[in-house]
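To keep things clear, I will list the structure first and then write my remarks on it.
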Amino acid sequence: MIEPLMTQIEVTRTIKLTDYEIWNWLVGAFEGGSNYWARTKITDKAGLRRVTQQECKDYLTEDLIVRNSHTAELQEYSELHREYQPGRSRGNLDGWNATDSFPLLREMKGFHYSHQIPFLGGELTFYDTESSKWNEEKEEFEYEVLTINGRPAVLNRSSIQIGLEIMAENYPRHFNDFINQSGDAITSDVMLQCMVLRDVIYG
């Protein structure tokens with residue numbers, strides 16, 4: 001019996017991800033999934049200021065007329081989900097969390113959550129949670145900066161890109177969970193470690 005000829009084909013595809021999609025997954029890491037190893041400090045605000053939900057709504061309102069046509073421009077189209085994000089409502093503010101909109105935050109030159117800063121041109125530096133030492137003078141805990149090859153471990157636009165590539169290459173199962181929206185807090189933690197530490201060191 002003649003064995004059938006088997007041809008192996010490697011197929012690659014380019015995936016366009018929005019800032020919102022990436023950040024939305026990192027929220028799980030920042031809000032608990034990575035707290036066992038990481039603490040952060042804003043080390044570069046890039047000229048951004050903290051804005052509130054009310055300020056965002058006020059910004060979208062002129063003379064009591066909501067700029068409905070403008071809200072569509074302030075959302076990013078997700079090729080993965082085939083819808084506009086954040087929120088599903090284009091054309092009005094109902095059900096739309098303006099503080100999650102990176103286009104709006106860029107326009108306002110602001111941020112609402114500190115972990116949005118790396119997506120807006122700024123930077124966070126990471127500290128080792130386990131290194132905590134009480135400083136009697138300052139009456140607060142101090143932490144050692146995490147380092148990579150002797151340099152501070154940071155999260156910025158560059159490290160986000162590099163980390164996603166590392167995650168896709170070295171941790172494909174977790175990367176696919178992210179792409180397929182089927183992951184959990186571990187997915188978020190792996191993503192953040194790849195971005196900040198260039199590998200999964202903790203957990």
Next on the checklist: For Tyr59 and Glu107: C-alpha separation, side-chain torsions, deciding distance, then whether side chain to side chain contact (heavy atoms under 4.5 Å, CB included) applies.
Outcome noted: CA-CA 10 Å; Tyr59 181 81; Glu107 194 168 299; 2.8 Å; yes
Item to check | All pairs passing salt bridge (charged side-chain N to carboxylate O under 4.0 Å, His left out) where residues 193-203 contributes a residue, at least two apart | outcome: none
Checklist entry - Is there a donor-acceptor pair closer than 3.5 Å between any side-chain N or O of Thr187 and the backbone N or O of His174? => result no
Checklist entry - What distance separates Leu146 CG from Ile201 CD1, expressed to the nearest 0.5 Å? => result 10.0 Å
Item to check | Whether Phe126 and Trp37 hold their rings parallel, tilted or perpendicular, with breakpoints at 30° and 60° | outcome: parallel
Checklist entry - How many angstroms lie between CD1 in Ile117 and CD1 in Ile42, if you round to the nearest 0.5 Å? => result 3.5 Å
Next on the checklist: Do Leu192 and His115 have side chains that approach each other closer than 4.5 Å (heavy atoms only, starting at C-beta)?
Outcome noted: no
Checklist entry - Stepwise, does the side-chain hydrogen bond (donor to acceptor under 3.5 Å, both in side chains) test hold for Asp100 with Trp23? => result CA-CA 9 Å; Asp100 289 354; Trp23 170 75; over 6 Å; no
Checklist entry - Distance from Phe175 atom CZ to Asn180 atom CG, nearest 0.5 Å? => result 10.0 Å
Next on the checklist: I'd like to know if the side chain of Asp189 and the backbone of Ala185 have a donor-acceptor N/O pair within less than 3.5 Å.
Outcome noted: no
Checklist entry - Taking side chain as C-beta onward, heavy atoms only, is Thr125 less than 4.5 Å from Thr40? => result no
Checklist entry - Do Tyr36 and Glu130 touch side chain to side chain, with heavy atoms closer than 4.5 Å? => result no
Item to check | Which atom of Ala153 lies closest to which atom of Val145, heavy atoms considered | outcome: N-CG1, 4.5 Å
Checklist entry - Is it the case that one hydrophobic cluster holds both Val27 and Leu17, taking links as side-chain heavy atoms less than 4.5 Å apart, direct or via other members? => result yes
Checklist entry - Rounded to the nearest 0.5 Å, how far apart are OH of Tyr143 and NZ of Lys41? => result 13.0 Å
Checklist entry - In Å, rounded to the nearest 0.5 Å, how long is the span from CD of Glu55 to OG1 of Thr99? => result 11.0 Å
Next on the checklist: Can you give me the closest heavy-atom contact between Ser159 and Leu155, atom names plus distance?
Outcome noted: OG-CA, 3.2 Å
Checklist entry - Below 4.5 Å, heavy atoms only, C-beta onward: do Phe30 and Leu124 meet side chain to side chain? => result yes
Checklist entry - Do Met108 and Arg49 touch side chain to side chain, with heavy atoms closer than 4.5 Å? => result yes
Next on the checklist: Quick check for you: to the nearest 0.5 Å, what is the distance between Glu142 atom CD and Trp134 atom CH2?
Outcome noted: 10.0 Å
Checklist entry - With clusters built from Ile, Leu, Val, Met, Phe, Trp and Tyr whose side-chain heavy atoms come within less than 4.5 Å, directly or transitively, what are the remaining members of the cluster of Ile148, listed by chain and number? => result none
Checklist entry - Under 6.0 Å from the CD atom of Gln161, do we count more than 12 heavy atoms belonging to anything else shown? => result no
Checklist entry - Which residue pairs pass the salt bridge (charged side-chain N to carboxylate O under 4.0 Å, His left out) test with at least one member in residues 19-32, sequence neighbours excluded? => result Asp19-Arg106, Asp19-Arg157
Item to check | hydrophobic_cluster_shared for Leu104 and Tyr113, side chain cutoff 4.5 Å | outcome: yes
Item to check | ILVMFWY network linking Met191 to Phe119, side-chain heavy atoms under 4.5 angstrom | outcome: yes
Checklist entry - Are Phe141 and Tyr127 connected, step by step, through hydrophobic side chains (Ile, Leu, Val, Met, Phe, Trp, Tyr) whose heavy atoms are closer than 4.5 Å? => result yes
Item to check | 4.5 Å side-chain heavy-atom contact, Phe111 and Arg50 | outcome: yes
Next on the checklist: Taking Val51's backbone N and O only, do any of them form a donor-acceptor pair with His112's side chain (distance below 3.5 Å, no angle check)?
Outcome noted: yes
Checklist entry - Under a single-linkage definition using a 4.5 Å side-chain heavy-atom cutoff for Ile, Leu, Val, Met, Phe, Trp and Tyr, are Ile166 and Tyr202 assigned to the same hydrophobic cluster? => result no
Checklist entry - Should we count CD of Glu169 as having more than 12 external heavy atoms under 6.0 Å? => result no
Checklist entry - Is any side-chain heavy atom of Gln116 closer than 4.5 Å to a side-chain heavy atom of Leu48? => result no
Checklist outcome for this item: Here the pair of heavy atoms bringing Ser182 nearest to Trp25 is N-CZ2, 4.5 Å
Checklist entry - Can you check whether Met195 reaches Leu164 side chain to side chain, under 4.5 Å on heavy atoms? => result yes
Checklist entry - Looking only at atom types and distance, does a side-chain atom of Ser101 sit under 3.5 Å from a main-chain N or O of Ala98, one as donor and one as acceptor? => result no
